Undergrad: 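Take this structure, written in structure tokens, and hold onto it; I'll ask about it next.
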Amino acid sequence: MRSPRERRWTDHGIEIGGRLVPLISASIQYWRHDPAHWPRLLDLALEAGFPVIETYAPWSAHELAPGTFDFGRSPNLDLSRFLRLCAERDLHVLLRPGPHINAEMTWFGFPRRIVFDPECQGRNPRGKPVILPAFPHPFPVPSYAQTKFLDETRGWFAALRRELGDLAGPDGPILAMQSDNECCFVFRAGFFDLDYSPGARQWWTSYLKQQFQEDPALLARDLGVAAGGFEDVSPPARLNPDDPASVRLALHWGRFREHYLVRSVREIRRLYEESGFTGFPWYHNIPSTEFVHPFDIPGWERDAVHALGIDLYFPTRDYPVIRRGVRALVGQSRFPHIPEHACGVWTFWQPVQPQEWLFSAQACFMHGARGLNFYMFAERDRWTGSPVSRTGEKREPWFSRLRALVRAWVEHQVHAAETRPLAGVLQQREPHQLAAAASLMEPIPNFVLKAMGYGERNFGCESLSTAAPRDHWEVPAAERAIEKALLDACIPMAWMHPALPGGPSQDLRILIVPACASMEQQTADQLRAFMERGGIVWMAPPAPRHDLKGRAIAAPWMEAGELHADGRYHPAGAGGFRIAPGAAELARPEFLAQWLADHGEKPPCKWDNRLVDVAIRGSGERRFLFAANPTGDEQMVEIRADGLTSLTPLEGGSAIAAARPGHVLLTLPPQTVLAFLMGSAP
């Protein structure tokens, strides 16, 4: 029999004894507020409709000296009291004790002694500490592979567990815990930047042994080197794009970097559980970045945590990035959620105005998010523009706007509504890894270049390469072209990981694969499994016959398709495989729409204004329609959907009747997302 307080992660949120708790939360960082204001801040979160409070627990704030901690001598550090105040109000808590928390703190929540301890530091290829140029003080990046760092972290977790006592038990207010924070090499995500510490080199060796079944001959044949011990293969420090062996080694390094992050989060979770934090659902967040390499979302959820989310800190002008990130989660995560959504702004980052964070929050739910944390609900040092001041005053009209939004989501259970993409686009990892390895801006990662205003440009040396097929360098651009064509054809889509085509989106029938002269055998096997479940694979010619290491791949269904590259259907399992007449066809909206119709699929709605975006969530009688206007001007749009009779605003107001059967006219104010409950004829 299930315990009445058992916590269980489901596809729609966390259940406690069978009762679903929506993961719509307000961030309040207790140690940054006068404890006299805690009750007021929590009461305002309740008034706004939040069922959950999120907070970090900073190691650096609580530690006085090694092994000595302050959990209440300073009143603002009395975490137990804060948790009890939450429990008294029936507020659940998402607790995030790190060890990395960022939180815009000096040293990112690590004690100073940790980041400046050489035995805890990450290293670059030359063995030097890697410095994070953070505000207000740069500091060396820790290594999660270093034994001393993990031992020190264990001591912090053990002290925290002793302090919390029953509050961390089955009857306490903690709903779920986060295993570390934004594990991405602490934002030093350059391909050859780190980690080359002694511990990381040991992880690299063990990774190679696993990949090559501890057979040195397999390793030597794959890398084109003389047979020797696995310890003899040093991690690469640069890419020679004209050397096939260098390209193959870089691809292994790219896979290892993904493995390193997953293993890091798994190690942190193990330390939590060894310290007594058991029985909790676990989650993790990745930062606002490329959503591809080095982030292996299915790997995280398979090996480290129950659910992985993406943090989003974008103004309205970056609406396409918000949409892309959420759709990556819809295609790859069992629970698409946003653990940190900008609500206000960090002093040193790009400003996100109140109208913009309200817009982007609605856009997240529009495209399939099932949970969202408003970071920060209550303002504090190094953070401004929140809907509630640090002493508990409401900032109007933004507090009232947020309250109406949250209450509408919870009342109508928008988070539980399904999101069904009609087409998935496969993102092969190898081209993205090569693009990162070939970057001439190393060690500056792409997301930093974007923040500096360089947009989607790839600063790479692909034009120098003869070791990898030319089309590998063109895959990211082909993915974006296909995305645009799907959007122009009003076709709902999701980004898929090679290990999981059709995974969380079990209803997905169409999977599009951009042109690529080679493919990993694992990807080919997953495509075969997808077709055996009834899926249809569309691919641009030519069908790949080998992987990047030159090994033949076993995919006879591809060969059959290539022999008849005429767009015809070729059975493979219960599904089928089709090759487009040309790569450019997959970037034509009318071609994709016709192929979809050939398989009995059509978009749930269409609209006539391409400056506007529209999406539908849910099924049957509970369907929600979202209409987004990211522009700075008012927009008119006509929306067509079979059986549509009316739209009732979720936040209240009069229903909008159809102008004629199946047609609704909307006026969208600038930078606005409107959400409606759809009325439809039987």
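Counting from 1, the numbers follow the sequence of the chain as shown. No experiment lies behind these values; they were computed from the predicted model shown.
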Undergrad: Can any side-chain N or O of Arg161 pair as donor or acceptor with the backbone N or O of Ser275 at less than 3.5 Å?
TA: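 Answer holds: no.
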Undergrad: Using distance alone, with no hydrogens and no angle criterion, decide if Glu273 and Thr278 have a side-chain donor and acceptor under 3.5 Å apart.
TA: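 The answer is no; no qualifying pair exists.
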Undergrad: Taking the six-membered ring for Trp and the single ring otherwise, decide whether the centroids of Trp203 and Tyr144 are under 6.0 Å apart.
TA: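 No, too far apart.
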Undergrad: Could you check whether any side-chain heavy atom of Glu258 comes within less than 4.5 Å of a side-chain heavy atom of Gln433, counting everything from C-beta outward?
TA: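 Yes, close enough: below the 4.5 Å cut-off.
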Undergrad: Between the main-chain N or O of Asp11 and the side-chain N or O of Arg370, is there a donor-acceptor pair closer than 3.5 Å?
TA: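 Side chain of Arg370 to backbone of Asp11: a pair is present.
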Undergrad: Any donor and acceptor pair, going by atom type alone, linking the side chain of Glu15 with main-chain N or O of Arg8 inside 3.5 Å?
TA: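 No, because the side chain of Glu15 does not come within donor-acceptor range (under 3.5 Å) of the backbone of Arg8.
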Undergrad: I'd like to check the side-chain hydrogen bond (donor to acceptor under 3.5 Å, both in side chains) partners of Glu483; sequence neighbours left out, ordered by chain and number.
TA: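 For Glu483, the residues satisfying side-chain hydrogen bond (donor to acceptor under 3.5 Å, both in side chains) (neighbours in sequence not counted) are Arg324.
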Undergrad: Rounded to the nearest 0.5 Å, what separation is found between the CD atom of Glu104 and the OG1 atom of Thr106?
TA: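 That separation rounds to 11.0 Å.
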Undergrad: Just checking, any donor-acceptor pair under 3.5 angstrom between side chains of Arg96 and Tyr56?
TA: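 Yes, side-chain donor-acceptor contact under 3.5 Å.
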Undergrad: Any side-chain donor-acceptor pair under 3.5 Å between Asp180 and His284?
TA: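 No, no side-chain donor-acceptor pair sits under 3.5 Å.
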Undergrad: Angle between ring planes, His337 versus Phe335, binned at 30° and 60°: parallel, tilted or perpendicular?
TA: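 Judged by the thresholds at 30° and 60°, the geometry between His337 and Phe335 is tilted.
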Undergrad: Distance check, rounded to the nearest 0.5 Å: His259 atom NE2 versus Trp204 atom CH2?
TA: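 Here the rounded value is 10.5 Å.
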Undergrad: Determine yes or no for a side-chain-to-main-chain donor-acceptor pair under 3.5 angstrom, with Thr55 supplying the side chain and Ile28 the backbone.
TA: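 Yes, because the side chain of Thr55 sits within donor-acceptor range (under 3.5 Å) of the backbone of Ile28.
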Undergrad: Quick one: are the ring centres of Phe108 and His100 less than 6.0 Å apart?
TA: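 Yes.
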Undergrad: Before you tell me yes or no, could you show the steps for Phe116 and Trp107 under ring pair (Phe, Tyr, Trp, His ring centres under 6.0 Å), namely the whole-Å CA-CA distance, both residues' side-chain angles and the distance that decides it to 0.1 Å?
TA: CA-CA 10 Å; Phe116 287 100; Trp107 324 130; 5.4 Å; yes
Undergrad: Charged N to carboxylate O under 4.0 angstrom, Arg113 versus Glu152?
TA: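 Salt bridge: yes.
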Undergrad: Would you give the length of the straight line joining atom CD of Glu301 to atom CH2 of Trp9, rounded to the nearest 0.5 angstrom?
TA: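 If I round to the nearest 0.5 Å, the distance is 9.0 Å.
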Undergrad: Should the pair Arg154-Asp151 be classified as a salt bridge under the 4.0 Å nitrogen-to-oxygen rule?
TA: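 Counted as a salt bridge, because a side-chain N and a carboxylate O are separated by less than 4.0 Å.
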Undergrad: Working to the nearest 0.5 angstrom, can you tell me the gap between His306 NE2 and Thr10 OG1?
TA: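 His306 NE2 to Thr10 OG1: 11.5 Å, rounded to 0.5 Å.
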Undergrad: Is the distance between the ring centroids of Tyr313 and Trp346 under 6.0 Å?
TA: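 No - the distance between ring centres of Trp346 and Tyr313 does not fall below the 6.0 Å cut-off.
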Undergrad: Measuring from Glu267:CD to Leu150:CG, what's the distance to the nearest 0.5 Å?
TA: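 The CD atom of Glu267 sits 6.0 Å away from the CG atom of Leu150.
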Undergrad: How about Tyr272 and Gln178: does a side-chain donor come under 3.5 Å of a side-chain acceptor?
TA: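 No donor-acceptor contact under 3.5 Å links the two side chains.
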Undergrad: Any ion pair linking Glu430 and Arg248 (charged N to carboxylate O, less than 4.0 Å)?
TA: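 Salt bridge: no.
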Undergrad: Find out whether Leu527 and Met519 are in side-chain contact, i.e. whether some heavy atom of one side chain is under 4.5 Å from a heavy atom of the other.
TA: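 The answer is yes, as the side chains (C-beta and beyond) meet within the 4.5 Å cut-off.
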Undergrad: For His252, run the ring pair (Phe, Tyr, Trp, His ring centres under 6.0 Å) check against Tyr207, Phe230, Phe212 and tell me which one passes.
TA: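 Filter result, single survivor: Phe212.
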Undergrad: When rounded to the nearest 0.5 angstrom, what is the spacing between CG in Leu95 and CD1 in Ile53?
TA: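 Leu95 atom CG to Ile53 atom CD1 measures 12.5 Å (nearest 0.5 Å).
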Undergrad: Any chance you could lay out the ring pair (Phe, Tyr, Trp, His ring centres under 6.0 Å) test for His367 and Tyr319, step after step, and finish with the verdict?
TA: CA-CA 11 Å; His367 292 293; Tyr319 170 71; 5.8 Å; yes
Undergrad: Would Phe191 and His293 count as a close aromatic pair, with their ring centres under 6.0 Å?
TA: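 Phe191 vs His293: aromatic centres under 6.0 Å.
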Undergrad: Compute the centroid of each ring, for Phe365 and then for His341, and state whether the two points are separated by less than 6.0 Å.
TA: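 Centroid distance Phe365-His341: not below 6.0 Å, so no.
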Undergrad: Is it possible for you to check whether Arg257 lies under 6.0 Å from the centre of the six-membered ring of Phe185, through NZ or CZ, and within 45° of that ring's axis?
TA: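 Judged by the rule, Arg257 and Phe185 form a cation-pi pair.
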Undergrad: Checking side-chain contact (heavy atoms from CB on, under 4.5 Å) for the pair Arg429/Asp296: CA distance, chi angles, key distance, verdict?
TA: CA-CA 9 Å; Arg429 288 185 290 177; Asp296 177 6; 4.0 Å; yes
Undergrad: Show, in sequence, the C-alpha distance, side-chain angles and deciding distance for Ile286 and Trp300, and conclude whether the side-chain contact (heavy atoms from CB on, under 4.5 Å) test is met.
TA: CA-CA 11 Å; Ile286 60 177; Trp300 252 303; 3.6 Å; yes
